[in-house]
2 protein chains.
Amino acid sequence: MRTVDPVKYEAKRRHITEAAAGCFAIKGFEKTTTADICAAAGISSGSLFHYFPNKGAVFRAIFELDGQDNAAYLATASAAEDVWEGLLGLVDELLNPLETPGAAGLVTELVAQAGRDEELFELVARNDIELRAGIAGLLGKAARQERIDGSIDSDTAATWVVGLVDAMYSRATIDPDFDPAAQRVTLRLILSRFLGHGLGR
Amino acid sequence: MRTVDPVKYEAKRRHITEAAAGCFAIKGFEKTTTADICAAAGISSGSLFHYFPNKGAVFRAIFELDGQDNAAYLATASAAEDVWEGLLGLVDELLNPLETPGAAGLVTELVAQAGRDEELFELVARNDIELRAGIAGLLGKAARQERIDGSIDSDTAATWVVGLVDAMYSRATIDPDFDPAAQRVTLRLILSRFLGHGLGR
DNA sequence: GTCTATAATAAGATAGAC
DNA sequence: GTCTATCTTATTATAGAC
């Protein structure tokens, strides 16, 4: 005879995190007050702290599902018939949030906060390591199939694949004229040339 | 008969901005209190606000000379006998701050804050635009000399040269194992292959 | 020009009624 | 589970003496 419906409980938590994400994207973590979050979610202060122990936990919750998302993208990429197409598809998935206004700013805020919140840092670092490991696996496979240059270290190459994705977020934050959708083409060109795809070997 | 020695005045301002930069790199802009800055600079609150109108102005002052620095690097790069070497030297200069601990975090904080402080945003945007324009100029020259692939749009290429530098800062912030000095080699490889340098055309 | 003291405000989190 | 009211603490910036 439990008093809480876990499904409703999770749904409410999700509702709060989504409302909070909008606030954090605009005002940043520190400048967003718990009152802002309450107003955006349509709840009271007492209610907010019933679902989360503190403001930092709300922020962390936004990114807690990212690891699972990435794992799913990696699985799809691995299952692709063509390794190279799988890799490009994965990169597209990683860039998808850029279609949402404010997402780039939220990621910037995440990186900045991760340097100060130990728990958040571990979340980010773990996701990052797993993502890079997965990409390194794909690259190793592509190299064995002679689809890309086999002389480049897989881990190093994976780091820079993620780095290029980072660059998109960084550019989108700094330069208002930067068009992520259009720049995907250039990103693919850089990837192809860097990794030696399509050299007809 | 002026009462202030402008040289001493500037020196003190510099002293304060440098002390403040250390605080901002560790705690971030919002979490750094004016009291922290005073303690680090060895001055009192009254003195701090004699030199700066508010905390934001202290933060902005840290980056106010960057535009001049970049212009100097661009001039050196343009004057280089070999355009390609000039470009690589410029990229090295842009990466130099990474040798200083905390610099990556400070840049992350800069980008995050630029999204909220209009004056700071204009400072960052102006520097960014001028840097990209300068690099585009170098790339155009290199293309005319047939040192690189001439089919890539100079402005787009310049955006990605800066993007790759951004990626170094981003990676350095997120991944504690990332070694910027070692990764310069890979960065140069990506640049060479992307821009078609050394194709012997 | 530098200090101490403080005004003015705001924020995160909790208590306890319903 | 949700609310209102509030406790407690911290912060930017200023006033005014030296």
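- Between A:Phe52 atom CZ and C:dG12 atom P there is a gap of 15 Å when expressed in whole angstrom units.
- With A:Ile174 as the fixed residue, the side-chain contact (heavy atoms from CB on, under 4.5 Å) test singles out one of B:Val162, B:Val111, B:Ile129, B:Asn127: B:Val111.
- A:Asn54 has its CG atom 5 Å from the P atom of C:dA13, to the nearest Å.
- Residue B:Ile43 is classed as a sugar-phosphate contact, given heavy-atom separations below 4.0 Å to backbone atoms only.
- Close to C:dC3, at under 4.0 Å from its OP1 or OP2, lies a side-chain N or O of B:Ser47.
- One atom, NZ of B:Lys27, and another, C1' of D:dT11, lie 12 Å apart when rounded to the nearest Å.
- Protein atom NZ of A:Lys55 is 8 Å distant from nucleotide atom C1' of C:dG12, rounded to whole Å.
- Contact of B:Ser45 with C:dT4 (side chain to base): no donor-acceptor pair of N or O atoms is detected under 3.5 Å.
- Residue contacts shown for B:Lys12 are limited to sugar-phosphate atoms, with no base heavy atom under 4.0 Å away.
- In this structure, B:Tyr51 reaches the sugar-phosphate backbone alone: every heavy-atom distance under 4.0 Å involves primed, P, OP1 or OP2 atoms, never a base.
- There is no side-chain donor-acceptor pair under 3.5 Å between B:Gln145 and B:Trp84.
- Atom C1' of nucleotide D:dA13 and atom CD1 of B:Ile37 are separated by 13 Å, given to the nearest angstrom.
- Rounding to whole angstrom units, NE2 of residue A:His15 and P of D:dT2 are separated by 11 Å.
- The side chain of B:Tyr9 lies closest to C:dG1 when the candidates are D:dA13, C:dC3, C:dG1.
- With distances taken from any side-chain atom of B:Thr33 to the nucleotides C:dG12, D:dC3, D:dT11, the minimum falls on D:dT11.
- Ring centers of B:Phe194 and A:Phe194: at least 6.0 Å apart, outside the cut-off.
- Remark: P of C:dA13 and CG of A:Leu48 are 9 Å apart, rounded to the nearest angstrom.
- For the OP1/OP2 pair of C:dG1 and a distance below 4.0 Å, the side-chain nitrogens and oxygens of B:His50 include at least one atom meeting the criterion.
- Each of C:dC3, D:dT2, C:dA5 was ranked by its minimum atom distance to the side chain of B:Ser44; first place goes to C:dC3.
- Summarising the geometry, the separation between CG on B:Asp5 and P on C:dT2 is reported as 12 Å, rounded to the nearest angstrom.
- Side-chain proximity of A:Thr34 to C:dG12, C:dC3, C:dT2: nearest is C:dG12.
- Listed for the A:Lys141 side chain is a donor-acceptor partner under 3.5 Å among the backbone atoms of A:Ser78.
- When each of C:dT2, C:dT14, D:dA13 is scored by its nearest atom to the side-chain atoms of A:Phe49, the top-ranked nucleotide is C:dT14.
- With no hydrogens or angles considered, a side-chain donor-acceptor pair links B:Thr108 and B:Thr173 at under 3.5 Å.
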